[in-house]
S.K.: 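Could you have a look at this structure, given as structure tokens, before my questions?
It should be emphasised that the depicted structure is a prediction, and the values quoted were computed from it without experimental measurement. Values below: all heavy atoms of this structure, side chains included; hydrogens, waters and symmetry mates excluded.
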Amino acid sequence: MNALPFSTKPSPVTYALADRQPQQVVQPTSVADVSELLAEATRTHTAVVPWGAGTHQFLLDPPQRYDIALDLRQLNRVIEYQPADLVITVEAGLPLVAVQALLRERGQWLPWDPPAPDSATIGGLLAIAAWGPLRLGYGGPREWLLGMQVVLGDGRVVQSGGRVVKNVAGYDTHKLHLGAYGTLGVMATATFKVAPLPETFVSLRVPCSTFDEAWQVAEALRRPPLQPVGLVITISDSIMLQAHFAGVVAAVERQLALATAACSAVTDLKVEHNYRALHHAAYPHASATSLILRIGVPDSALPVAMAALATVTPESVTVFPGLGLIIACCPQTAATHLPVLRQALAGAGGYAVVEYSPVSIERWGPPPPTIDLMRALRQRWDPAGILNPGRWLIE
């Protein structure tokens, strides 16, 4: 590549992917820098891997080619914040924790709780469409994202959406970048609507002896007038159901009283104040030997999915009632049972994606009917295929 007029440095071990390191690490400080880099990379067919804090780079396959690590953490400014309008625009390299701290000063927040350490960036979390238990009550990042500025693979800078809540012009193409793992473009800025910070958070911890018991309690806690903003069942050495409630103090106290009454048959209930997101350890480190599966089914089919999952003897499982989602940590031997598991899940209208494996494996299962459309979109936005080649389903 030609010399670049912005920050570069030798590639340290922290940028390694699958025992490979890039030839160059670039830290742009402006959107123009990113545009120039990608335009040059397209001309030279140089593979570029966008980086935030790197906290989720272990997910899915590493890229097939890896020439430049594009470290976006210098794009870390707050572009605009209008508390009265409940709207904020930030650069993609800003950590989510910094955004939440700024909003908290004005009694606001972004209702988004992905399992991430303090360093995880806005762009990186959007790229993997990260979410947490609060998706039940508040929706995922898609519901709060108003607009985005993206640099496409050939260097074009495009804007989708807007900076106001009541914006209806054009297509929401920015939402196609959520969960695309940086294969369709490099996110530069993001605009979110935000919400008033609830007066209080309360979590009810319900120990259970079986998944069926935890599922029945979760179903009871979802019946009106109860309205939990999050439900999680964690299964490892023990089984625990966590129900989260948020809002004004009087309403939350009433919800907690109703929830406690619904769990009257369960002993050793615990109440915790102040919500805590699931720790990043819900996922393993990249050196772990486990297989990590993300399973999705219609919510009513979660018991069916759990029964099918038993065939691969999971080591630990996190279930999200109301969302129809499961994250399962399984031994590597589970790979041989994947076809049977996927067949059982397909019968229930579900799927299983291998989010992490220490060895090469068929991650996706049968391609969706939209695969040709996905490939056409990739060809239009990244014609040279330089962004994270091989990372996602469409390769």
S.K.: Are Trp109 and Tyr138, when compared by the centres of their aromatic rings, separated by less than 6.0 Å?
M.R.: yes
S.K.: In a check of side chain to side chain contact (heavy atoms under 4.5 Å, CB included) between Val353 and each of Leu59, Ile295, Leu293, Leu60, which one passes?
M.R.: Leu60
S.K.: Hey, does Val354 have a side-chain heavy atom less than 4.5 Å from the side chain of Leu338?
M.R.: yes
S.K.: Below 4.5 Å, heavy atoms only, C-beta onward: do Met148 and Ser160 meet side chain to side chain?
M.R.: no
S.K.: Is a donor from one side chain sitting under 3.5 angstrom from an acceptor on the other, for Tyr66 and Asn388?
M.R.: no
S.K.: Does one side chain, of Ser203 or His244, offer a donor that lies under 3.5 Å from an acceptor on the other?
M.R.: yes
S.K.: Treating Arg342 as the side-chain partner and Ala352 as the backbone partner, does any N or O pair qualify as donor plus acceptor under 3.5 Å?
M.R.: yes
S.K.: Taking atom types as modelled, is there a side-chain donor on Gln108 or Tyr81 under 3.5 Å from an acceptor on the other?
M.R.: yes
S.K.: Mind checking whether Asp113 and Pro133 have side chains closer than 4.5 Å, heavy atoms only?
M.R.: yes
S.K.: If you define the side chain from C-beta out and look only at heavy atoms, does anything of Ile88 sit under 4.5 Å from Glu80?
M.R.: no
S.K.: Compute the centroid of each ring, for Trp381 and then for His177, and state whether the two points are separated by less than 6.0 Å.
M.R.: yes
S.K.: Of all heavy-atom pairs between Leu221 and Ala262, which one has the smallest distance, and what is that distance?
M.R.: CD2-CB, 4.1 Å
S.K.: Are Thr318 and Ile326 close enough that some pair of their side-chain heavy atoms sits under 4.5 Å apart?
M.R.: no
S.K.: I want to check something: taking the side chain as every heavy atom from C-beta on, are Val31 and Gln149 in contact at a cut-off of under 4.5 Å?
M.R.: yes
S.K.: Look at the rings of Trp112 and Phe192 and say which category their plane angle falls in: under 30° parallel, 30 to 60° tilted, over 60° perpendicular.
M.R.: tilted
S.K.: Show me the side-chain donor-acceptor pairs of residues 302-309 shorter than 3.5 Å, one per line, residues at least two apart or across chains.
M.R.:
none

S.K.: Any non-hydrogen side-chain atom of Pro63 less than 4.5 Å from a side-chain atom of Leu17?
M.R.: yes
S.K.: Are any non-hydrogen side-chain atoms of Val150 and Val186 less than 4.5 angstrom apart?
M.R.: no
S.K.: Please check if any side-chain donor atom of Glu315 sits under 3.5 Å from a side-chain acceptor atom of Ser290, or the reverse.
M.R.: yes
